[in-house]
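Please read the structure below before turning to the comments.
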Amino acid sequence: MINGKDLYFVAVKVFLENEKGEFLIIKDRFGCWDIPGGRLRPEDFNVSLDDVVDRKMKEELGSAVVYELGEPVVHMRHERNETLGEGETTPVRIFAVGYSASYISGDIEMGGNHEELEWVDPKEFEPEKYFTGGWLKGVEEYIEEKK
């Protein structure tokens, strides 16, 4: 906190939908489920969010994936503990813009930080079995928007 104001990391997330209306979720190397995307880096300050999304999609899903990016559909605020080293952790807060996107083609090749993926049907998906906190609220809001 600085002068009574909270500090957040900023992230972009992508609800990537296939032709069946399913969206992609990915599991990271720590065993947590996530939506493709991630935090902005310092060098992203003057980069368009569309370009940041493109970089994150390539990092996490490979350069062969072709998609059409839609508009922001949800905004999420998530808090979690992150390791500082030697077993020490600190809480961090993340503000994320969740975009819709349509998967067009290309083989998905998981990046080094992710090890599993699932396409889930929003009509049957139970997000509380996969997500917590602000990520859960964001996925629930996205699913509600799809109804």
Side-chain angles (χ1 to χ4, degrees), residues 7-45 47-147:
L7 297 175
Y8 284 79
F9 286 100
V10 176
V12 291
K13 295 290 186 177
V14 178
F15 290 91
L16 184 64
E17 283 191 22
N18 64 20
E19 68 282 349
K20 299 176 193 172
E22 301 166 324
F23 68 96
L24 184 69
I25 61 173
I26 55 178
K27 186 188 271 187
D28 67 23
R29 60 189 166 104
F30 304 108
C32 297
W33 285 95
D34 200 359
I35 301 296
R39 291 184 237 178
L40 277 66
R41 297 176 178 166
E43 59 269 21
D44 291 331
F45 186 77
V47 175
S48 75
L49 289 181
D50 289 3
D51 287 345
V52 175
V53 167
D54 193 50
R55 175 179 59 81
K56 294 304 298 178
M57 294 292 278
K58 284 182 169 94
E59 288 174 3
E60 296 189 358
L61 305 180
S63 59
V65 172
V66 178
Y67 64 94
E68 182 177 334
L69 187 64
E71 296 295 320
V73 290
V74 298
H75 297 91
M76 299 169 271
R77 288 177 285 182
H78 183 70
E79 184 174 61
R80 70 178 190 199
N81 287 321
E82 292 198 352
T83 303
L84 296 173
E86 299 182 27
E88 189 178 351
T89 63
T90 187
V92 298
R93 293 180 178 188
I94 305 165
F95 175 82
V97 178
Y99 288 84
S100 65
S102 298
Y103 171 78
I104 296 171
S105 65
D107 292 332
I108 295 175
E109 296 179 19
M110 301 301 291
N113 290 326
H114 295 90
E115 55 190 28
E116 191 176 337
L117 64 86
E118 283 187 39
W119 290 98
V120 297
D121 183 343
K123 295 178 191 108
E124 300 171 4
F125 184 55
E126 299 177 72
E128 65 280 358
K129 292 183 178 179
Y130 292 79
F131 297 96
T132 61
W135 297 150
L136 174 59
K137 288 178 185 177
V139 170
E140 288 173 333
E141 186 178 330
Y142 173 76
I143 289 171
E144 189 61 33
E145 288 289 320
K146 299 304 295 176
K147 291 181 180 177

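Residue numbers start at 1 and run along the sequence shown.
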Salt bridge flag under 4.0 Å for residues [X] and [Y]:
| X | Y | answer |
| --- | --- | --- |
| Arg77 | Glu79 | no |
| Lys13 | Glu141 | no |
| Asp51 | Arg55 | no |
| Glu140 | Lys137 | no |

* **Among Tyr103, Phe125, Tyr99, Trp119, the one residue meeting ring pair (Phe, Tyr, Trp, His ring centres under 6.0 Å) with Phe23** =>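 Answer to the ring pair (Phe, Tyr, Trp, His ring centres under 6.0 Å) test with Phe23 among Tyr103, Phe125, Tyr99, Trp119: Phe125.
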Taking the side chain as every heavy atom from C-beta outward, state whether [X] and [Y] have any pair of such atoms under 4.5 Å apart.
| X | Y | answer |
| --- | --- | --- |
| Ile25 | Leu117 | no |
| Val53 | Tyr67 | yes |
| Leu24 | Ile108 | yes |
| Val120 | Glu22 | no |
| Pro36 | Met57 | yes |
| Leu40 | Phe45 | no |
| Glu128 | Leu136 | yes |
| Glu43 | Arg41 | yes |

I need the [X] [atom1] to [Y] [atom2] distance, nearest 0.5 Å.
| X | Y | atom1 | atom2 | answer |
| --- | --- | --- | --- | --- |
| Ile104 | Leu16 | CD1 | CG | 9.5 Å |
| Trp33 | Tyr130 | CH2 | OH | 6.0 Å |
| Ile143 | Glu126 | CD1 | CD | 10.0 Å |
| Leu69 | Ser100 | CG | OG | 7.0 Å |

* Mind checking whether Phe15 and Tyr142 have parallel, tilted or perpendicular rings, split at 30° and 60°? ->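 It falls in the parallel class, under 30°.
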So, for [X] and [Y], which heavy atoms are closest and what is the spacing to 0.1 Å?
| X | Y | answer |
| --- | --- | --- |
| Gly21 | Pro122 | O-CD, 3.3 Å |
| Val74 | Gly138 | CG1-O, 3.9 Å |
| Asp34 | Trp135 | OD1-NE1, 4.5 Å |

* To do: Inspect the surroundings of CD in Glu115 and state if more than 12 heavy atoms from other residues, nucleotides or ligands are less than 6.0 Å away.
  =>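 Check passes, neighbour count above 12.
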* Answer yes or no: does atom CD of Glu71 have more than 12 heavy-atom neighbours from other residues, nucleotides or ligands under 6.0 Å? =>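 No, CD of Glu71 has 12 or fewer neighbouring heavy atoms, counting only those of other groups under 6.0 Å.
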* His114 and Asp28: side-chain contact (heavy atoms from CB on, under 4.5 Å), yes or no, with the steps? -> CA-CA 4 Å; His114 295 90; Asp28 67 23; 3.7 Å; yes
* To do: Quick one: do Met76 and His78 satisfy side-chain contact (heavy atoms from CB on, under 4.5 Å)? Show the steps, please.
  => CA-CA 6 Å; Met76 299 169 271; His78 183 70; 5.8 Å; no
* Asked: Knowing that exactly one of Glu118, Glu60, Glu116 qualifies, which makes a salt bridge (charged side-chain N to carboxylate O under 4.0 Å, His left out) with Lys27?
  ->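 Per the salt bridge (charged side-chain N to carboxylate O under 4.0 Å, His left out) rule, the option paired with Lys27 is Glu116, out of Glu118, Glu60, Glu116.
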* Phe30 and Thr83: side-chain contact (heavy atoms from CB on, under 4.5 Å), yes or no, with the steps? -> CA-CA 12 Å; Phe30 304 108; Thr83 303; over 6 Å; no
* Assess whether side-chain contact (heavy atoms from CB on, under 4.5 Å) is satisfied between Val92 and Arg80, documenting all intermediate values. => CA-CA 6 Å; Val92 298; Arg80 70 178 190 199; 4.1 Å; yes
